[in-house]
Structures are given as C-alpha cells and as structure tokens.
Amino acid sequence: MDMEKVNSMDFGEFVDVFGNIIERCPLIAAAVWSQRPFSDVEDLEKHFFAFIDALPQSGQEGILRCHPDLAGRELQQSTLTAESQREQAGAGLTSLSAAEQLQLAELNALYRARFGFPFVLAARLSNRAAVPRELARRLRCPPAEELRTALGEVKKIGRLRLADLFGADPARL
Ligand SMILES: NC(=O)NC1=NC(=O)NC1=O
C-alpha cells in the first residue's frame with residue numbers, strides 16, 4: 001500500500017484499513033481521515049498519536065480500557081481481534097502453564113484495581129517471562145506516570161501495526 005492510495009481512500013475504506021491501529025478504537029481512524037492527505041507513514045502515525053495526546057485523561061484511560069488483558073478471558077475464549085491474537089501468540093501467551101496464567105490473572109487484577117484500566121504492553125516486544133516481571137514493576141508506579149507509560153505502549157502497538165500494513169520497518173518509522 002502506498003500513500004497515494006491511502007490519501008484517495010474514502011472514509012469507509014480508511015476506517016476498514018486503519019480502524020484497529022489502536023485496539024478497538026476506530027474513532028481515532030475516523031477522526032484522522034479528515035486530516036488527509038498524509039505525506040508518508042510517519043505523518044500518518046503522527047496524526048494518530050496527536051489525537052491520543054490531545055484527549056482528556058478520561059479519553060486516554062478509555063483507550064486503555066479498550067485493550068484486552070494479556071492472556072486474559074478473551075484469549076481463552078478466542079474473541080481477540082486478529083491483531084491482538086497474533087501479538088499475544090507471538091509473545092508466547094497462548095502456551096502458558098496454569099500457574100503462569102493464574103499469576104498473570106492475579107497481577108492483571110491488582111493492576112486494574114490500582115489504576116482503573118488494564119495493563120497494556122506491546123506484546124510483540126516482550127515475551128512470556130518478561131510480561132509478569134514488567135507488570136509487577138509497573139504496578140508500583142505512581143498513577144500519573146503509569147498512564148504515560150501505558151499510552152506509550154499503545155503507541156508502540158500502533159507503530160507496529162502500521163508498519164505491518166505498509167511492509168515497513170517499525171524501527172524506521
Ligand atoms: N493489554 C495488552 O497489552 N494487550 C495487548 N498488547 C498487545 O500487544 N496486543 C494486545 O492485545
């Protein structure tokens with residue numbers, strides 16, 4: 001896909017393609033569409049991230065709440081989005097032992113109780129051993145700092161998903 005094609009997409013096509021760049025938040029793609037034309041992938045990404053940064057805290061927390069837990073109920077019930085399924089499987093979260101699943105479920109519950117949104121991490125950049133470690137570490141962070149960290153992970157996930165769509169190297173975005 002190239003930027004000429006992207007810039008020529010009507011609203012429906014654009015949201016079909018980019019609606020899940022940010023997990024279950026097609027509103028963001030719907031808003032970013034009106035800011036076309038985009039000069040390149042970096043420019044497109046910048047508009048997605050600027051929308052997130054401009055939201056009030058309630059909106060930013062809402063984005064986090066649209067994310068399924070890592071190794072949570074949706075993974076067990078196979079109701080994840082295709083992107084999320086791939087990401088979680090890629091981090092080895094589909095082959096956890098019962099003890100690992102229980103540990104993650106408990107940590108996720110503690111995290112959600114403390115911050116009011118789920119623990120979000122770019123699973124493709126992590127692995128089954130690192131996820132609980134990172135969750136336990138971030139559990140101790142101050143809420144304002146943790147909100148920023150979590151949104152940073154949302155952006156990493158979005159960058160990787162955009163790179164997939166353009167066959168680009170995410171490190172060069
Ligand atoms: N709670 C999460 O971090 N969820 C996810 N991270 C990913 O990379 N994909 C997800 O679904």
Side-chain angles (χ1 to χ4, degrees), residues 15-29 41 44-45 48-49 51-53 55 57-97 99-173:
V15 174
D16 281 350
V17 173
F18 298 105
N20 208 46
I21 289 298
I22 307 297
E23 181 69 5
R24 295 191 174 135
C25 290
L27 164 73
I28 302 178
V41 190
L44 179 63
E45 177 189 277
F48 271 85
F49 293 177
F51 182 93
I52 294 172
D53 293 341
L55 286 173
Q57 180 172 327
S58 60
Q60 293 176 334
E61 291 179 355
I63 287 176
L64 296 170
R65 294 187 191 114
C66 287
H67 284 68
D69 278 345
L70 290 172
R73 180 177 46 77
E74 297 202 53
L75 179 66
Q76 313 308 332
Q77 295 174 349
S78 304
T79 55
L80 291 172
T81 59
E83 293 88 346
S84 176
Q85 175 66 37
R86 265 198 309 276
E87 288 152 357
Q88 297 207 30
L93 300 180
T94 49
S95 54
L96 298 180
S97 69
E100 287 173 314
Q101 276 185 31
L102 182 61
Q103 179 195 31
L104 259 185
E106 288 171 346
L107 285 169
N108 271 322
L110 285 172
Y111 181 100
R112 193 187 288 266
R114 172 168 164 72
F115 297 110
F117 49 76
F119 175 73
V120 177
L121 162 143
R124 279 166 67 173
L125 305 177
S126 189
N127 59 63
R128 60 192 293 171
V131 168
R133 242 194 346 260
E134 186 64 359
L135 209 170
R137 180 186 71 77
R138 285 172 46 188
L139 193 53
R140 296 193 299 273
C141 292
E145 175 191 338
E146 183 54 24
L147 176 61
R148 285 192 298 275
T149 302
L151 290 170
E153 293 300 309
V154 169
K155 291 176 179 176
K156 287 178 192 172
I157 296 167
R159 167 164 298 173
L160 289 164
R161 290 183 181 185
L162 272 174
D164 285 346
L165 287 173
F166 287 89
D169 171 3
R172 284 179 35 77
L173 274 181

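First listed ligand is number 1; within each ligand, the first listed atom is number 1.
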Undergrad: Short list, please: which atoms of ligand 1 are under 4.0 Å from a heavy atom of Ile157?
TA: 6 (N), 7 (C), 8 (O)
Undergrad: Under 4.0 Å from any heavy atom of Ser84, which atoms of ligand 1 are there?
TA: 10 (C), 11 (O)
Undergrad: Is the backbone of Leu139 close enough, under 3.5 Å, to the side chain of Arg114 for a donor and an acceptor to pair up by distance?
TA: yes
Undergrad: So, for Arg24 and Thr81, which heavy atoms are closest and what is the spacing to 0.1 Å?
TA: NE-CG2, 3.8 Å
Undergrad: Could you label the plane-to-plane angle of the Phe166 and Phe18 rings as parallel, tilted or perpendicular, counting under 30° as parallel and over 60° as perpendicular?
TA: parallel
Undergrad: Report yes or no: does a heavy atom of Gln88 sit under 4.0 Å from some atom of ligand 1?
TA: yes
Undergrad: Suppose we measure from atom 3 (O) of ligand 1 to each protein heavy atom; which comes out shortest, and what is that distance?
TA: Leu121 N, 2.8 Å
Undergrad: With salt bridge (charged side-chain N to carboxylate O under 4.0 Å, His left out) as the test, would you mind laying out the steps for Glu145 and Arg148 before giving the verdict?
TA: CA-CA 5 Å; Glu145 175 191 338; Arg148 285 192 298 275; 5.6 Å; no
Undergrad: Taking 4.0 angstrom as the limit and counting only heavy atoms of Ala122, give me the atoms of ligand 1 inside it, by number and element.
TA: 8 (O)
Undergrad: Numbering the atoms of ligand 1 from 1, which are under 4.0 Å from a heavy atom of Leu70?
TA: 1 (N), 2 (C), 3 (O), 4 (N), 5 (C), 6 (N)
Undergrad: Give me the atom names and distance for the closest heavy-atom approach of Ala71 to Leu104.
TA: CB-CD1, 3.7 Å
Undergrad: Can you tell me how the ring of Phe115 sits relative to the ring of Phe117, calling it parallel under 30°, perpendicular over 60° and tilted otherwise?
TA: parallel
Undergrad: Looking only at heavy atoms, is any part of Ala123 under 4.0 Å from ligand 1, and if so is it the side chain, the backbone, or both, or is it neither?
TA: both
Undergrad: Starting from the C-alpha separation in whole Å, work towards a yes-or-no answer on salt bridge (charged side-chain N to carboxylate O under 4.0 Å, His left out) for Asp69 and Arg112.
TA: CA-CA 10 Å; Asp69 278 345; Arg112 193 187 288 266; 2.8 Å; yes
Undergrad: Please list, in number order, the atoms of ligand 1 under 4.0 Å from a heavy atom of Phe119.
TA: 1 (N), 2 (C), 3 (O)
Undergrad: Give the atoms of ligand 1, by number and element, whose distance to some non-hydrogen atom of Pro68 is under 4.0 Å.
TA: 1 (N), 2 (C), 4 (N), 11 (O)
Undergrad: Counting only nitrogen or oxygen atoms and a 3.5 angstrom limit, does Glu87 reach ligand 1?
TA: yes
